[in-house]
Each structure stands twice: as C-alpha cells, then as structure tokens.
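Keep in mind it's a predicted model, so treat the numbers as computed, not measured. A, B, ... follow the sequence lines: proteins, then strands. Residue 1 opens every chain.
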2 protein chains.
Amino acid sequence: MQDALRRFKADIFQALAHPTRIAILELLRDGDLSAGALIEKLGMEQANVSQHLAVLRAKQLVSNRKAGNQVFYSVRDPILIDVLDLMRTYFHAHLKESLGMLDELDKTPEAVR
Amino acid sequence: MQDALRRFKADIFQALAHPTRIAILELLRDGDLSAGALIEKLGMEQANVSQHLAVLRAKQLVSNRKAGNQVFYSVRDPILIDVLDLMRTYFHAHLKESLGMLDELDKTPEAVR
DNA sequence: TAGGAATATTCGAATGTATTAATATCAATT
DNA sequence: AATTGATATTAATACATTCGAATATTCCTA
C-alpha cells in the first residue's frame with residue numbers, strides 16, 4: 001500500500017517533470033485556455049503540445065471540456081497551484097546556488113517568474 | 001530565461017519522480033539517516049539506493065555529511081517536506097478517483113499514510 | 001454532405017532513466 | 001600495510017520518454 005501510494009506520487013511528479021508541462025500549468029493558472037491558445041502562447045508544434053496535454057490528462061492534473069470545435073483546459077485541483085507556488089519559493093531560495101543565474105534572476109521582471 | 005527556469009523546475013520534479021526517492025525523503029523527514037540505515041529500511045539493493053541518493057544529491061534535494069565510515073543524509077530544505085505534505089492532501093482528495101484503491105485506503109492504518 | 005478548422009493519435013528514431021552486477025574508494029581496525 | 005565495512009561509481013541491458021511527421025477524428029459551416 002505504502003508503495004502504491006508512492007508510485008502514485010511519483011507519477012504526479014513525473015507528469016510535472018517537463019518544462020513544457022510546467023509552462024502549460026502556469027499558463028492555466030489564471031483560468032481556462034483552449035488547446036489552440038496554449039499552442040499559440042507556447043509557440044510550439046501542435047502535436048507536441050497535444051501530447052503533453054495528453055500526459056497531463058492521463059495523470060488527471062488538468063480537466064478538459066469541449067466547446068464546439070475547441071477543447072478548453074483547466075487545472076483540476078487548485079492544490080496543484082499551491083504546490084507550484086511552494087516550489088517557486090524553493091526555487092528562489094536555491095536557484096542562485098544551483099546555477100550561476102543570480103544576476104539574471106535579479107534582473108528578471110516579477111511577472112516572468 | 002523563462003525556459004531555463006522551467007527546466008530547472010522540471011529537473012527538481014524529475015528528481016522527485018521515483019517511488020524510491022520519495023521513500024527516501026519521507027524516511028529523512030524526522031532527521032538524518034545514514035546510507036546504510038536507509039538501505040536497511042528500504043530493503044533494497046545497496047547500489048540501487050546509492051544511485052538514487054546520487055540523484056537527490058545532484059539536484060541538491062539532500063545534503064550529506066561524512067562521519068567516519070558512514071555518510072549521513074538529510075533533507076536540505078524543509079520546504080520540500082511541505083511540498084510532500086501538500087501532495088499528500090492532493091492524493092487523499094483524488095486517490096479514489098485515480099486508482100481503485102478506496103477500500104484499501106480505508107483499511108490502511110493512519111500511520112502509513 | 002463535403003470541406004475546413006481544431007485537436008488527438010500513431011509511428012519511428014533519438015535520447016534519457018532504472019536496474020543489476022561488478023568494481024572502486026575510503027575510513028577504521030588489526 | 002592488509003583486511004574489513006560502508007558507500008560510490010561504472011558498465012551493460014532493458015525500458016520509458018520525447019519529438020516531428022504523418023494521419024486520424026470531431027465538430028462546424030457552406
């Protein structure tokens with residue numbers, strides 16, 4: 001049982017373990033977006049984004065609703081946003097040591113982080 | 001820059017994306033443990049655990065200190081524990097739907113979750 | 001109902017990750 | 001300095017993930 005739980009947790013983290021999927025969740029932070037809107041904002045291949053969305057769907061991190069021609073995605077549980085926020089705190093505390101990005105970080109507009 | 005940040009975040013999540021590594025962090029929750037103690041508690045191959053520890057070290061999720069013959073590990077930043085706790089809340093909210101574990105879950109002693 | 005727009009799926013090649021077995025390193029002890 | 005105990009590293013194999021290209025599906029509208 002413990003192990004099943006940990007596999008479940010690991011699966012969620014695995015779903016978060018890609019820059020594009022993180023970008024998607026961050027874009028969905030403030031509300032729904034259509035697949036097309038995501039593709040445009042990400043500036044990536046349609047198929048690629050669609051595949052990443054499939055991963056997020058499979059792990060149930062997002063929910064989707066069809067509206068005619070389009071599919072709108074949203075973050076399924078706001079706890080996930082809390083997790084991302086907590087991690088952001090973590091990243092800010094450790095990015096400097098981990099990479100040599102301290103100067104760049106300080107110059108980065110708030111909105112970007 | 002944005003992208004570098006997301007790669008960094010994804011890397012951290014990647015480090016968390018394995019049941020054994022989650023188990024290690026959970027074992028380290030309440031204090032340091034030697035590699036040997038971890039190996040014993042996990043009941044896994046020495047080399048395997050050591051490699052997972054290497055991943056956690058590489059991503060700086062744990063710190064280690066040598067004490068003679070042994071190496072003691074600890075969670076480097078308590079925020080990580082908070083993240084795991086948040087995730088636990090998440091799992092409890094969604095485990096039932098995600099897997100068919102509801103019965104097992106209800107039978108599981110509190111201490112295990 | 002044919003065509004077009006939006007999205008999803010499948011396939012293959014490249015790359016990355018996990019595991020085991022074998023070996024190496026390092027510190028303590030004799 | 002040789003041996004032992006604790007931990008780390010390397011190498012090989014198996015398995016999973018990612019990506020782009022091509023194709024399929026679904027819904028809308030002419």
Participant: Taking for each residue the nucleotide of DNA chain D with the nearest heavy atom, is it Ala67(A) or Ala17(A) whose nucleotide lies nearer the 5' end?
Facilitator: Ala17(A)
Participant: Is any NZ, NE, NH1 or NH2 atom of the basic residue among Lys9(A) and Glu26(B) found under 4.0 Å from an Asp or Glu carboxylate oxygen of the other?
Facilitator: yes
Participant: From dC19(D), dT19(C), dT17(C), pick the nucleotide closest to the side chain of Gln14(B)?
Facilitator: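 Output: dT17(C).
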Participant: Under a 4.0 Å N-O cut-off, is there an ion pair linking Arg88(B) with Asp82(B)?
Facilitator: no
Participant: Taking atom types as they are modelled, is there a donor-acceptor pair under 3.5 Å from the base of dT20(C) to the side chain of Gln51(B)?
Facilitator: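 Donor-acceptor pair under 3.5 Å: yes.
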Participant: Rounded to whole angstroms, how far apart are CZ on Phe13(A) and P on dT17(D)?
Facilitator: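 After rounding, the gap between these two atoms is 17 Å.
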Participant: Please check the phosphate of dT19(C) (OP1 and OP2 only) for any side-chain N or O of His18(B) closer than 4.0 Å.
Facilitator: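 Yes, because at least one side-chain N or O of His18(B) sits under 4.0 Å from OP1 or OP2 of dT19(C).
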Participant: Just checking, any donor-acceptor pair under 3.5 angstrom between side chains of His94(B) and Arg76(A)?
Facilitator: yes
Participant: Taking atom P of dA8(D) as reference, at what distance in whole Å does atom CG of Leu56(B) sit?
Facilitator: 12 Å
Participant: When you measure from the side-chain N and O atoms of Tyr73(A) to the phosphate of dA6(C), is any distance below 4.0 Å, counting only OP1 and OP2?
Facilitator: no
Participant: Using 4.0 Å as the upper bound for N to carboxylate O, is an ion pair formed by Arg7(A) and Asp3(A)?
Facilitator: yes
Participant: If each of Lys66(A) and Thr20(A) is mapped to the nucleotide of DNA chain D with the nearest heavy atom, which maps nearer the 5' terminus, i.e. the 5' end?
Facilitator: Thr20(A)
Participant: Please state how far atom CD in Glu40(A) lies from atom C1' in dA5(C), giving the value in whole angstrom units.
Facilitator: 15 Å
Participant: How many whole angstroms separate atom CG of Asp11(A) from atom P of dA16(D)?
Facilitator: 12 Å
Participant: Between dA6(C), dC19(D), dT7(D), spot the one nearest the side chain of Gln70(A), thanks.
Facilitator: dA6(C)
Participant: Where the side chain of Ala47(A) is concerned, which of dT9(C), dT19(C), dA8(D) is the nearest nucleotide?
Facilitator: dT9(C)
Participant: Remember a base hit wins even if backbone is also touched, and classify Asn69(B) as base, sugar-phosphate or nothing at under 4.0 Å, heavy atoms.
Facilitator: base
Participant: NE2 of His52(B) versus P of dA8(D): gap in Å, rounded?
Facilitator: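 Whole-Å distance recorded here is 14 Å.
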Participant: Between dA22(D) atom P and Asn48(A) atom CG, what is the distance in whole Å?
Facilitator: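 After rounding, the gap between these two atoms is 16 Å.
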Participant: So what does Phe72(A) touch, heavy atoms closer than 4.0 Å: a base, only the sugar-phosphate, or nothing?
Facilitator: nothing
Participant: Determine the contact category for Ala35(A): base if any of its heavy atoms lies under 4.0 Å from a base atom, sugar-phosphate if only primed atoms, P, OP1 or OP2 are that close, otherwise nothing.
Facilitator: sugar-phosphate
Participant: Could you state the CD1-P distance from Ile24(A) to dA8(C), rounded to the nearest angstrom?
Facilitator: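 It is 11 Å, rounded to the nearest whole Å.
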Participant: Can you check the Arg7(B) CZ to dG16(C) C1' distance for me, whole Å?
Facilitator: 16 Å
Participant: Backbone N or O of His52(B) within a donor-acceptor pair of the Arg21(B) side chain at under 3.5 Å?
Facilitator: no
Participant: When rounded to the nearest 0.5 angstrom, what distance separates CD in Gln60(B) from CG in Asp11(B)?
Facilitator: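 Output value for this atom pair is 12.0 Å.
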Participant: Ignoring backbone atoms, establish whether Arg21(A) has a side-chain N or O less than 4.0 Å from OP1 or OP2 of dT17(D).
Facilitator: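 It does not, given that no N or O in the side chain of Arg21(A) lies less than 4.0 Å from OP1 or OP2 of dT17(D).
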Participant: Can you find an N or O donor on one side and an acceptor on the other, under 3.5 Å apart, linking the side chain of Gln46(A) with the base of dA8(C)?
Facilitator: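 Per atom types, the contact qualifies.
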